[in-house]
Amino acid sequence: MTGRTDIDGSWEPRPAARWEDAFLGGNGRHGAMVYGDPADDRVIVNHHTLVRPNGSQHVRPPELADRLGRLQSALLAGDTEAAEHFGAGRPLVWVQPFHPAFQTRVRPVPGNAADPAAGYRRAVDFATGEITAGCESWRSRVFVSRADDVIVQYVTGPGLAVDVTLDHALPGAPPRLAVGRSTVLTPDGARLALRAGYPDSDLAYTGATVLRAEGGRVSVAGEGVRVEGARSLLLLTRVRRHPGHLDLAAECAALPGDGYDALLARHAALHRPAFERAALTLDADPAERALPGSELVRRPDSPALLERLCAAGRYHLLSASGALPPRLTGLWTGDWDTAWSGAFTTNANLNLQIASAAAAALPEVSEAHAALVYGQLADWRDNARAVFGARGIVAPSHTDGESGHTRHYQRAYPLHLWTAGADWLLEPLIEHAETTGHEDARLTAALHETALFYEDFLTRTGPDGRVAVVPSYSPENRPANASWVTVDATMDLAAARHALTASADRSPGAPVAERRRALADRLADYRVNEDGALAEWAWPGLAETYDHRHLSHLYPVWPLHAINPYDTPGLAAAAHRALELRGAENDSAHGHLHHALIAARLRDGARASAAVRSVLAGDFFHDSLMSAHYPARDVYNADAAHALPAAVIESLIQSAPHRLVLLPAPLAGCPGGELRGVRTRFGARVDLRWSADGTATAVLRPERDARVDVRTGEGHVLAGAAAPAPLELTAGVDHVLELGPR
């Protein structure tokens, strides 16, 4: 995976003027936003743990279980307003909002600024995570170390004369933030610290920067230091959220003493192999590949754009995942007023962002997701007991990464009654286990607890004698003729059936497995409505609301594979009709890419292409190649940036535990190219090369024995195959498949 510098990176001919355009670095804990401005070299410091206390950390799930039976009876009797008062009167409580720490600033002493017009270039290298900016007389290099957990900045120039400060005054910073600073000179530079105490809280965060100067003189100046006559500056920065006070001397002493090159080499040895495990190369115009990102994003039909955005998406996803998976803003923000608290929104956004983790060979992302899920199971048990009077676990719709308690109640968004969340959030971990061939015992236990919840919760039946999911809620939609809380939302049915079956497959005892499979079999069937579409609610009489950004009812198609064109063609046709009728509502990026993922599963390349193009042509991407939630770069948000690689991979290669689908729905922007290093759920790595003439070659490199059903999209056929036949794979033995046009 070498020689891809024109693909695995991006560049700009000018410094970032907005924090949204700053290039991004991260190690899954610390994040850095780099402006690259010689007149004011700013790096915004982020950390996954930086959430502002707002009281929500003490909020527990509402004690509603004693009223649940009355609600269930009313809903089954047709009272569509019954849930209006179930939890009513509780204030809407948002989770603790994610926020930036501060920015390091390296500003030339007046009269010593470099001329940015003299050969300026700002670049990010996805393969190393290094962000550089420079002109003829100045250069800055930044990365966030995976090896040493520190933000590293290195500034060079002849006779540097600069002031260095830690500046907390970022947009939206609370006026009552209690800020204190300290500066200590050292033999080779200085130690700078900034402590910020949150209003009305004993919690604070402290940032420490060690500055080392090569040559010159360092002196205290204002709130920082002045460096005069130095050849280079090395800044090492960490931030920590904590109660009370922090031992600053110990923090600084723990920072590494190596030079920049040694620090970068140690970091790159971890980052590069992770990033280079998989790669997409399209048949793109070299001249377009050479364009800066800000120009390339204005060419939505360019394969070079799709190529670069996929590389950027894998880079940003890897960089944002470590202690936790990516937030709504990944690991970055330059503003204290982040939309939707910069939370982990679990009813769509989080799963879409991490959708490529297993296939794109990023186990680091799956492990970060596991840290979030398994770290909150105790709170999920509280949710199940308090709201539903049940054993087992129920996941919340929002979390700040600390608390997993349900606290979100609105009449229009009664998310405390959404019961599919645990299964939805565990599915990526099932995919990770199948891909690696190693199942975490915590996953088996969590699936067992999910099934326990359904055993206690699924106690009511409808007129047909089938078990009913009641109350039921399809995020974040409602029937056209009923209120928000209903019976038998399709997503809830799919999640209950999947959780019970997945747990039964892993059950150590036959009676438990048989009981859970029997309960799954008693759930209502999916319903096909009068439009021939898979209904969002299986309960008779509930009318569709088609124009909506969420596609929760197509959960059985993606990611579950429970409805597919091969085993359930009738339901797949109904799911496809539901997708045809679905609107884009407010043009949220996650809605378009969710649409693309489902279309790819249903082998509709034209529809998948149209959904992807809506994002590429909608001005969703900042110069940083981080994305926005809405068109016209409105609301900084990582959904599009992180989910796009998954949509591209799914259009080219799909896998289930016993199936491989090649070229199911090639995108219009991918006429030919190569996708290397994709991991499958049957334990093989796949490299695929395809051409515009319809020919393709896939090389399977299995790591374990497998028997696989190989299929193709409707435009291709396996060479020499009269009909689908199982493929026997042997660990360590490569297998080559040739495809041609149908």
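Using a 4.5 Å cut-off on side-chain heavy atoms (C-beta onward), Leu593 and Leu352 make no contact. Annotation: side chain of Thr461 is in contact with side chain of Arg522 (closest heavy-atom distance under 4.5 Å). Under the 4.5 Å side-chain criterion, counting only non-hydrogen atoms from C-beta, Val365 is not in contact with His369. Counting heavy atoms from C-beta on, the side chains of Leu452 and Arg516 come closer than 4.5 Å. Using a 4.5 Å heavy-atom cutoff, the side chains of Arg29 and Arg238 are not in contact. Taking 4.5 Å as the limit, every side-chain heavy atom of Leu75 sits out of range of all side-chain heavy atoms of Arg460. Using a 4.5 Å heavy-atom threshold, the side chains of Glu427 and Tyr555 count as touching. Using a 4.5 Å cut-off on side-chain heavy atoms (C-beta onward), Val394 and Phe457 make no contact.
A donor-acceptor pair is defined here as one N or O able to donate and one able to accept, closer than 3.5 Å; no such pair exists between the side chain of Asp202 and the backbone of Gly244. Between the Asn383 side chain and the Gly404 main chain, a donor and an acceptor come within less than 3.5 Å of each other. At least one donor-acceptor pair under 3.5 Å links the side chain of Arg582 to the backbone N or O of His550. Looking only at distances, a side-chain donor or acceptor of Thr346 sits under 3.5 Å from a matching main-chain atom of Pro396. Under a 3.5 Å cut-off, the side chain of His416 and the backbone N or O of Phe86 do form a donor-acceptor pair. Asn54 places a side-chain N or O within 3.5 Å of a backbone atom of Trp94 that can act as its donor or acceptor partner. Using a distance-only test at 3.5 Å, with no hydrogens or angles considered, no donor-acceptor pair links the side chain of Ser321 to the main chain of Ser366. Of the possible donor and acceptor atoms, one in the side chain of Ser341 sits under 3.5 Å from a partner among the backbone N and O of Val95. With Arg478 contributing its side chain and Ala482 its backbone, the two residues share a donor-acceptor pair below 3.5 Å. Under a 3.5 Å cut-off, the side chain of Glu544 and the backbone N or O of Glu536 do form a donor-acceptor pair.
Relative orientation of the His594 and Trp558 rings is perpendicular, given thresholds of 30° and 60° on the angle between their planes. Taking the six-membered ring where the residue is Trp, Trp336 and Tyr198 present perpendicular rings, their angle passing 60° and hence far from 30°. Ring pair Phe388/Phe453 is perpendicular by interplanar angle, where above 60° counts as perpendicular and below 30° as parallel. The aromatic rings of His629 and Trp340 are tilted relative to each other, their planes meeting at an angle between 30° and 60°.
Nearest approach of Gly330 to His642, heavy atoms of both residues: CA-CE1, 4.1 Å. Minimum heavy-atom separation, Leu425 to Leu429: O-CG, 4.3 Å. What you find for Ile44 and Pro100 is that their closest heavy atoms are CG2-CB, 4.0 Å. Residues Leu426 and Thr450 share a closest heavy-atom pair of CD1-OG1, 3.4 Å. Contact record, Phe102 with Val239: CE2-CG2, 4.2 Å, taken as the closest heavy-atom pair. Heavy atoms only, all atoms of each residue included: Ile151 and Gly31 are closest at CD1-O, 3.6 Å.
A cation-pi contact, defined as under 6.0 Å to the ring centre and within 45° of the axis, links Arg497 to Tyr526. The cationic atom of Arg327 (NZ for Lys, CZ for Arg) lies less than 6.0 Å from the six-membered ring centre of Phe98 and within 45° of the ring axis.
Interatomic distance, CG of Leu372 versus CD of Glu367, reported as 14.0 Å (0.5 Å rounding). For the atom pair Tyr630 OH and Asp587 CG, the distance stands at 10.0 Å (nearest 0.5 Å). Taken from NE2 in His498 to CG in Leu560, the straight-line distance is 5.0 Å, to the nearest 0.5 Å. Between the CG atom of Leu318 and the CG atom of Asn27 there is a distance of 10.0 Å, given to the nearest 0.5 Å. Taking NE2 of His590 as the reference point, atom CG of Asn351 lies at 12.5 Å (rounded to 0.5 Å). If you take CG on Leu500 and CG on Leu523, they are separated by 6.5 Å, rounding to the nearest 0.5 Å.
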- side-chain hydrogen bond (donor to acceptor under 3.5 Å, both in side chains) between His553 and Ser474, worked out: CA-CA 7 Å; His553 58 313; Ser474 189; 5.6 Å; no
- Item | Working for side-chain hydrogen bond (donor to acceptor under 3.5 Å, both in side chains), residues Thr399 and Gln376 | CA-CA 10 Å; Thr399 172; Gln376 296 194 349; 2.8 Å; yes
- Message: Pair Trp19, Trp332 - check side-chain contact (heavy atoms from CB on, under 4.5 Å), show working.
- Response: CA-CA 10 Å; Trp19 63 262; Trp332 305 278; over 6 Å; no
- Task: Dump the intermediate steps for side-chain contact (heavy atoms from CB on, under 4.5 Å) on Ser403 and Gln57, then the final yes or no.
- Result: CA-CA 6 Å; Ser403 171; Gln57 63 271 33; 5.6 Å; no
- Determine, step by step, whether His448 and Arg506 satisfy the side-chain contact (heavy atoms from CB on, under 4.5 Å) criterion, reporting the C-alpha distance in whole Å, the side-chain angles of both residues, the deciding distance to 0.1 Å, and the verdict. CA-CA 8 Å; His448 169 69; Arg506 295 162 172 80; over 6 Å; no
- Please test His47 against Arg240 for side-chain hydrogen bond (donor to acceptor under 3.5 Å, both in side chains), starting from the C-alpha separation and ending with a verdict. CA-CA 8 Å; His47 197 282; Arg240 182 178 297 184; over 6 Å; no
- Message: Under the criterion ring-ring contact (aromatic ring centres under 6.0 Å, His included), I'd like the reasoning laid out for Tyr413 against His398: C-alpha separation, chi angles, the key distance, then a yes or no.
- Response: CA-CA 12 Å; Tyr413 295 102; His398 302 282; 9.1 Å; no
- Please step through side-chain contact (heavy atoms from CB on, under 4.5 Å) for the pair Ile430 and Leu447, ending with a clear verdict. CA-CA 10 Å; Ile430 294 175; Leu447 286 167; 4.0 Å; yes
- Task: Go through His622 and Ser624 one step at a time and tell me if the side-chain hydrogen bond (donor to acceptor under 3.5 Å, both in side chains) criterion holds.
- Result: CA-CA 5 Å; His622 302 284; Ser624 59; 5.7 Å; no
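Screening Asp492, Val487, Leu71 for a side-chain contact (heavy atoms from CB on, under 4.5 Å) with Pro471, the sole residue that qualifies is Leu71.
Between Glu402 and Arg241 a salt bridge is recorded (basic side-chain N to carboxylate O distance below 4.0 Å). Ion pairing between Arg633 and Glu20 fails under the 4.0 Å rule for side-chain N and carboxylate O.
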